[in-house]
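Along the sequence shown, residues carry numbers from 1.
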Amino acid sequence: MPQINQLMDVYASQFFWLLLVIGIIYFVIGKGMLPKISRTVEDRAKKISDDLAAAQAAQAEVEAKEEQYRAMLNSAHENAASVVQTARATAAAQREATVKKADEKLAATAAVAEASRQEALSTALAEIEGVAAEAAKDIVARLSGAKVTAAEAKKAVKAAF
């Protein structure tokens with residue numbers, strides 16, 4: 001079979017061209033494309049590391065600002081609590097002073113009212129005694145026909161009260 005004898009000649013030529021193409025591809029990729037790919041990978045790695053460093057720096061800055069904010073907020077809360085406490089103390093003192101003034105005013109008014117009541121009571125009792133003495137004198141005169149003096153009638157009414 002002559003075709004089988006030619007097979008080695010054909011394959012030898014194909015092996016030569018295969019090795020030549022693989023060698024060219026190896027040198028093109030290895031010398032031309034691989035350095036560019038390596039450089040791109042390194043650039044990406046550098047950019048990623050730079051971005052991570054920037055993110056960490058920004059995170060640290062944010063944490064510092066948040067700490068300042070919390071400190072300022074705590075200070076404001078303490079200040080507000082102090083102001084509220086002072087206002088409460090001032091309001092309590094003012095309320096005490098107002099209550100004290102009102103108590104003094106009410107006590108004075110109550111004293112005046114009590115004096116007025118006592119005076120009115122004594123006046124009313126005196127009038128009642130006078131009316132009762134007059135009525136007793138008239139009743140005794142009508143019932144028994146005896147004459148009683150005003151002084152005796154007053155004496156008897158005072159004894160009854």
Check step by step if salt bridge (charged side-chain N to carboxylate O under 4.0 Å, His left out) holds for Lys46 and Glu42.
CA-CA 6 Å; Lys46 184 176 184 268; Glu42 289 172 3; over 6 Å; no

Do Lys101 and Lys105 pass the side chain to side chain contact (heavy atoms under 4.5 Å, CB included) test, and can you show the C-alpha distance, the side-chain angles, and the key distance before you say yes or no?
CA-CA 6 Å; Lys101 282 182 182 179; Lys105 197 174 189 181; over 6 Å; no

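Note that NE2 of His77 is 11.0 Å distant from CE of Met72, once rounded to the nearest 0.5 Å. Interatomic distance, CZ of Arg39 versus CZ of Arg44, reported as 14.0 Å (0.5 Å rounding). Atom CG of Leu73 sits about 10.5 Å away from atom CD of Glu78, to the nearest 0.5 Å. To the nearest 0.5 angstrom, Ile22 atom CD1 is 10.5 Å from Phe15 atom CZ. To the nearest 0.5 angstrom, Ile139 atom CD1 is 11.0 Å from Glu134 atom CD. How far CD1 of Ile48 is from CG of Leu52: 7.5 Å, rounded to the nearest 0.5 Å.
Using a cutoff of 4.0 Å between basic side-chain nitrogens and carboxylate oxygens, Glu96 and Lys100 are not scored as salt-bridged.
Two residues are said to be in side-chain contact when any heavy atoms from C-beta on lie closer than 4.5 Å; Lys65 and Glu61 meet this criterion. Using a 4.5 Å cut-off on side-chain heavy atoms (C-beta onward), Lys47 and Asp43 make no contact.
No donor-acceptor pair under 3.5 Å is formed between the side chain of Ser75 and the backbone N or O of Ala71. In this structure, Ser122 contributes its side chain and Gln118 its backbone to a donor-acceptor pair below 3.5 Å.
Residues passing the salt bridge (charged side-chain N to carboxylate O under 4.0 Å, His left out) test with Asp103: none are found, sequence neighbours excluded.
Other residues, nucleotides and ligands contribute at most 12 non-hydrogen atoms within 6.0 Å of the CD atom of Glu119.
In terms of hydrophobic clustering, with Ile, Leu, Val, Met, Phe, Trp and Tyr side chains grouped at heavy-atom distances under 4.5 Å, Trp17 and Ile24 are assigned to a common cluster.
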N/O donor to acceptor pairs below 3.5 angstrom from side-chain atoms of residues 26-36, sequence neighbours left out:
none

